[in-house]
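All remarks here apply to the structure that follows.
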Amino acid sequence: MSGIVIAMLTVGGVGLVVGIFLSVASKAFAVPVDEKEEAINEVLPGANCGGCGFSGCAALAAAIARGDAPVNACVVGQQPVADQIAAIMGTTAGAAEKKVAFVRCAGDCDKTTENYVYSGPKKCANVRFAPAGGPKSCAFGCTGFGDCVAACQFDAMHIVRGIAQVDIDKCTDCKKCMAACPKGLIIEVPYKAVSHIGCVNPGKGKPVMSNCKIGCISCQKCMRNCPAQAITMDPGYPVIDYAKCTNCGKCRDDCPRHCIV
């Protein structure tokens with residue numbers, strides 16, 4: 001019986017000593033925490049999407065507190081969160097223009113055809129290695145297998161009639177879909193912009209027309225007629241400079257192929 005008591009006392013004594021040691025060590029080696037960093041981290045939405053360029057919300061909070069990131073860096077929280085962080089940092093956020101993703105392809109299943117039946121993995125990253133870049137008649141268009149949809153955490157990407165489309169009211173501009181698209185079809189555009197180039201086929205004339213009913217044929221009419229000179233041909237298809245664009249919609253109305261959407 002005495003052996004049991006001795007064992008209990010020994011274990012209890014060891015536990016007490018270890019507890020005291022850990023308590024002292026936690027205070028002696030404690031890392032000071034920036035109160036602003038903690039407050040910022042509480043304000044951030046916790047999506048950890050990486051759209052800000054940091055590994056997660058905690059890393060962004062630390063960077064903002066250090067002054068290494070702007071107060072409006074959170075693309076998910078956008079202006080409301082930026083204003084709260086600015087108040088914590090004792091500064092102003094400024095009005096940030098909302099931006100969203102846009103898929104530069106309007107060639108849905110009604111506008112394009114399939115050259116063959118594809119039976120491989122239903123992934124955009126895989127199908128691009130298939131013959132002719134996939135079964136779709138346009139090798140430059142969206143393959144429609146939804147890698148971008150899988151990457152979106154906010155239910156803002158959907159496959160509609162064979163191509164990816166963005167729900168701009170749900171899009172947070174986290175850029176995950178942009179990174180997921182193997183063809184680089186998804187870009188960032190202003191939320192308020194009314195005209196977008198829905199084709200990145202650099203070809204011209206008949207070859208493009210045979211592959212897609214609304215493919216851009218590089219006629220340059222949109223570029224020539226733009227009153228703000230906001231459109232250039234780069235490299236072989238139109239590109240809109242949204243900083244110059246006045247949202248007049250003339251390019252969209254003038255396009256003979258209706259590929260400006």
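Quantities reported herein were computed from a predicted structural model and do not represent experimental measurements.
- Environment of NZ in K213: sparse, with no more than 12 heavy atoms of neighbouring residues, nucleotides or ligands closer than 6.0 Å.
- Under 4.0 Å is where a charged nitrogen must lie from a carboxylate oxygen, and between D173 and K175 at least one such pair does.
- In the displayed structure, K183 atom NZ is contacted under 6.0 Å by more than 12 heavy atoms of other residues, nucleotides or ligands.
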Next item on the list: Give the C-alpha distance, both sets of side-chain angles, the deciding distance and a yes or no for side chain to side chain contact (heavy atoms under 4.5 Å, CB included) between H196 and Y242.
Entry: CA-CA 10 Å; H196 305 292; Y242 292 101; 2.7 Å; yes

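- The list of salt bridge (Lys or Arg N to Asp or Glu O under 4.0 Å) pairs with a residue in residues 50-76, not counting sequence neighbours, reads R66-D68.
- Sparse packing is recorded around CD of Q229, with 12 or fewer heavy atoms of other residues, nucleotides or ligands lying under 6.0 Å away.
- Partner of I197 under the side chain to side chain contact (heavy atoms under 4.5 Å, CB included) criterion, out of I187, I260, V189: I260 alone.
- Look at D110 and R161 and you find a salt bridge, because one of the NZ, NE, NH1 or NH2 atoms lies within 4.0 Å of a carboxylate O, short of that distance.
- Classification of D155 and K170 as a salt-bridged pair holds, one side-chain N sitting under 4.0 Å from a carboxylate O.
- Environment of NZ in K122: crowded, with over 12 heavy atoms of neighbouring residues, nucleotides or ligands closer than 6.0 Å.
- Here the straight-line distance linking atom CG of N211 with atom OG of S137 works out to 5.0 Å at 0.5 Å rounding.
- In terms of modelled atom types and a separation under 3.5 Å, the side chain of N201 and the main chain of G215 share no donor-acceptor contact.
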